[in-house]
Amino acid sequence: MINLVDLKRQFQSVKNEILQGMEEVIDSGQYVLGPKVKELEGKIAKRLGVAEAIAVANGTDALVLTLEAYGIGLGDEVITTPFTFFASAEAISRVGATPVFADVDPVSYNIDPADIERKISAATKAIIPVHLFGQPAAMDKISKLAKKNNLLVIEDACQAFGSSYMDRPVGSLGDAACFSFFPTKNLGTMGDGGIITTSDPDLAGKIRKLRTHGTTKKYYHDRIGYNSRLDELHAAILLVNLAKIDEWNQKRRELADRYRQHLGDVEYLSMPVESENGAHIYHLFCMESDRRDELMKALINAQIQTGVYYPHCLHLQEVYAGLGYQQGDFPIAESLSEKLFAVPMHPFLTEKEQDQIIAILRQKDGN
Ligand SMILES: *Cc1c(COP(=O)(O)O)cnc(C)c1O
């Protein structure tokens, strides 16, 4: 079986470094929010050129705590894309605010600034662009819109660690940014984790307080918070993977080029298109086809894993029926949900395996 991601190969490649990091944690006697977490926060802030990085329990919490720290809640609207993982909208609902969707661009699959503009109301407080599949959203236009309308921009960078936009790193482009370290993300740990990056010290202070039960002084609480901390073991693992991330992202880009080179001429396939301002890191490699089901079946029959990101748009989710959206409201996102499928993409995919995948996809009748 050729898998979409191969975490076993990834972690085996850095097993000795990870074991050493784990040993250091064991010997340190500190297991939650200790020196390894501090080191990780410092390294990520420095790399992104931001003042602060605050590690939390997962990427969803990163979004929730950021929204809550900004005071966004009941009666507020936050604009995001309907074509993303559920957590992007779930976090907005979790703090009591209302997700308002804007359709995506058919080429980048990212939120369309023109549609954001149409969705801005008096209640809008923030925009959450998602850097989908590792490709940065149109941050120049989004930032201009936000400035003009006095809105916050919170990047959902959960799929895009290491990518950049106009030579500035993702995670440094909005007022704040949220990353996930779920194992399958391009920078992941062996469990859950997340981080918020920002250059706003006031926001950072509030998030630090929220992640530990609303306290800055032990046993004194001045607001209701969360238990959303990162463990030292995860920080130790992430420090090892962080040192590899540029090499791994580069490998993804090379494999993406190879897919394009060998499949770009196939008439029933459309390859992902890189925006001229953004450096895609291919957290996922998704292609478009009217013959998706047939191609996916052929891949599965050849022991090649595929997946659909995302088969059901967020505005059509049962839980959001109350928001009053209809089928047809976001035609681009809906069409992508019927045509996109992912093929294996990870730094440890061999060219030989990739050639097998390419051969299956090139078969005209797809079987
Ligand atoms: C994974 C992901 C999240 C949530 O991250 P978790 O760590 O799983 O909570 C949020 N947004 C996007 C776009 C994601 O891909």
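First listed ligand is number 1; within each ligand, the first listed atom is number 1.
Taking a cut-off of under 4.0 Å to the non-hydrogen atoms of D156, the atoms of ligand 1 that pass are 10 (C), 11 (N), 12 (C), 13 (C). With ligand atoms numbered from 1 in the order given, ligand 1 contributes 5 (O), 6 (P), 7 (O), 9 (O) to contacts under 4.0 Å with heavy atoms of G59. Atoms of ligand 1 lying under 4.0 Å from any heavy atom of T60, numbered from 1 in the order shown and given with element: 4 (C), 5 (O), 6 (P), 9 (O). Under a 4.0 Å criterion applied to the non-hydrogen atoms of T84, ligand 1 contributes the atoms 13 (C).
Ligand 1 does not have H131 within reach: every non-hydrogen atom of the residue lies 4.0 Å or more from it. Judged by the shortest distance from any of its heavy atoms, S88 lies inside the 4.0 Å radius around the atoms of ligand 1.
Here the protein heavy atom with the shortest distance to atom 15 (O) of ligand 1 is K185 NZ, 2.6 Å. For atom 8 (O) of ligand 1, the nearest protein heavy atom (residue, atom name, distance) is S180 OG, 4.0 Å. When hydrogens are left out, the protein atom nearest atom 10 (C) of ligand 1 is C158 SG, 3.5 Å; that is the closest non-hydrogen contact.
The two residues V64 and R94 make their nearest non-hydrogen contact at CG2-CG, 3.8 Å. The heavy-atom pair separating M287 from M271 by the smallest distance is SD-CE, 3.5 Å.
In N58, the parts holding a heavy atom less than 4.0 Å from any atom of ligand 1 are both the side chain and the backbone. Within the 4.0 Å heavy-atom criterion, the part of V130 lying near ligand 1 is the side chain and not the backbone.
The aromatic rings of F161 and F181 sit tilted relative to each other, their planes meeting at an angle between 30° and 60°. Between F101 and Y325, the angle of the ring planes lies from 30° to 60°, which puts this pair in the tilted group. Using the six-membered ring where Trp is involved, F86 and Y320 have ring planes that are tilted, between 30° and 60° apart.
Residues I154 and V130 do not share a hydrophobic cluster, defined by chaining ILVMFWY side chains whose heavy atoms lie under 4.5 Å apart.
I358 contributes atom CD1, which lies 13.0 Å from atom CD of Q363 (distance to the nearest 0.5 angstrom).
A salt bridge does not link D355 with K352: none of the charged nitrogens is closer than 4.0 Å to a carboxylate oxygen.
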